Structures are given as C-alpha cells and as structure tokens.
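Computed from a predicted model, the values in this text were never measured in an experiment.
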Amino acid sequence: QVQLVESGGGSVEAGGSLRLSCAASGNTRCMGWFRQSPGKEREGVARVSPIGTTQYADSVKGRFTISKDNAKNTLYLQMSSLSPEDSAMYYCVAETRPDRSCGFTWFQYDSWGQGTQVTVSS
C-alpha cells in the first residue's frame, strides 16, 4: 500500500486538454485512473500493467494517454478533446500486492488518491 497524491485537475472548455499527475510514495505494480460523476458508477478510465501494457475505456480511447515514470513513481493522464461528459472526480489507483490481477474493477486496487476534480464546460 502506498500514498497517492494527485494534481492537475481544474476547469477547461470543451475541446481543450488537461494533464493529471499522481505521485506515489513507493513502488507500485499496477497503476491507473478511475472516475466518478454524479448519477454514475465509478468506472475505470485507463491503466498500465507491470510490464507497461496499457488499456483504455472505449469512451476515452484515442483521446486519453496514460504514462508512467517509474524512476519518479509518478503516473500521468494526458486528456485531449475533452467534452462535458468527461467531467468527473478522477482518482489515481495503485496495486502493490504480489500475485494480484489488475483490471478495471475498483476493488482490485489497494491504494487510492484523494481525487482531483475535472470540469469541462460547453
């Protein structure tokens, strides 16, 4: 388990871009981003596996890019072509336990950030 500190959230106009950052206090196996907006369940947005494989939700594929700086234990989410439907609280997640599967199910992760708000205006 590690501490995760997120930054980079804010307000942006539709069509704009934003980059989120997540600094981890220690080494991680899997990392990713979830989001939750009013009236919707928490959903996986993007993730990166221990070997660097990435996966994206269909709704953000082609617009969002996830990357990880292993030396700095920092995760990034570059978001482009944003729309109001992308407005949500974005959470950085990490899994540190060995022999655990990582996917888009929230309870697979043992570490969560405090969340950073992203608001996209039309």
### Non-hydrogen atoms of Gln114 and Val5 that approach each other most closely
OE1-CA, 3.9 Å
#### Entry: Same apolar cluster: Leu77 and Val118, side chain cutoff 4.5 Å
yes
### Message
Quick check on the hydrophobic clustering: are Val93 and Phe107 connected, directly or via other members, by side-chain heavy-atom contacts under 4.5 Å?
### Response
yes
### Task
Heavy atoms only: give me the nearest Phe34-Gly103 pair and the separation to one decimal.
CZ-O, 4.4 Å
### Task
Give a yes or no on whether the backbone of Gln1 and the side-chain of Thr96 come within a donor-acceptor separation of less than 3.5 Å.
yes
### Task
Determine the minimum heavy-atom distance between Ala94 and Thr28, stating which atoms define it.
CB-CG2, 3.8 Å
### Message
Hydrophobic clustering (ILVMFWY, side-chain heavy atoms < 4.5 Å, transitive) - are Trp112 and Met89 grouped together?
### Response
yes
### Query
How long is the span from the CG atom in Leu4 to the SG atom in Cys22, to the nearest 0.5 Å?
4.5 Å
### Task
Step through the shown structure and confirm whether more than 12 heavy atoms of other residues, nucleotides or ligands are within 6.0 Å of CD on Gln117.
yes
## Note on the structure
When every non-hydrogen atom of Val2 is compared with those of Asn27, the smallest separation belongs to CG1-O, 3.8 Å
### Task
Treating Ile, Leu, Val, Met, Phe, Trp and Tyr as nodes and any side-chain heavy-atom pair under 4.5 angstrom as an edge, say whether Tyr91 and Val45 lie in one connected cluster.
no
#### Entry: Minimal non-hydrogen separation, Val60 against Asp86, with atom names
CG1-OD1, 4.5 Å
### Query
Tell me, which pairs form a disulfide bond (SG atoms under 2.5 Å apart) where one or both residues lie in residues 42-82, sequence neighbours left out?
none
### Task
Look up atom CD in Glu95 and atom OG in Ser101, then write down how far apart they are to the nearest 0.5 Å.
9.5 Å
### Task
Give the C-alpha distance, both sets of side-chain angles, the deciding distance and a yes or no for side chain to side chain contact (heavy atoms under 4.5 Å, CB included) between Trp33 and Glu6.
CA-CA 11 Å; Trp33 296 91; Glu6 299 147 312; 4.0 Å; yes
### Query
To the nearest 0.5 Å, how far apart are OG in Ser67 and CZ in Arg19?
7.0 Å
### Query
Stepwise, does the side chain to side chain contact (heavy atoms under 4.5 Å, CB included) test hold for Phe104 with Arg47?
CA-CA 8 Å; Phe104 276 151; Arg47 69 181 185 93; 3.9 Å; yes
### Summary
Interatomic distance, OG1@Thr54 vs NZ@Lys61, rounded to 0.5 Å, equals 9.5 Å
### Query
Measuring from Leu82:CG to Arg63:CZ, what's the distance to the nearest 0.5 Å?
6.5 Å
### Message
Once salt bridge (charged side-chain N to carboxylate O under 4.0 Å, His left out) is applied, do any residues pair with Asp110, and if so which ones, sequence neighbours excluded?
### Response
Arg97
### Query
Do Ser49 and Cys30 touch side chain to side chain, with heavy atoms closer than 4.5 Å?
no
#### Entry: Transitive ILVMFWY side-chain link Leu20 to Tyr76, under 4.5 Å
no
### Nearest heavy-atom neighbours spanning Leu75 and Cys92
CD2-SG, 4.1 Å
### Summary
Value for CD (Gln78) from CG (Leu18), rounded to nearest 0.5 Å, stands at 8.0 Å
#### Entry: Min side-chain heavy-atom separation Arg100-Tyr109 under 4.5 Å
no
### Message
Among residues at least two apart in sequence or on other chains, which ones pass ring-ring contact (aromatic ring centres under 6.0 Å, His included) with Tyr90?
### Response
none
### Query
Is there a side-chain contact between Ser59 and Arg35, using heavy atoms and a 4.5 Å cut-off?
yes
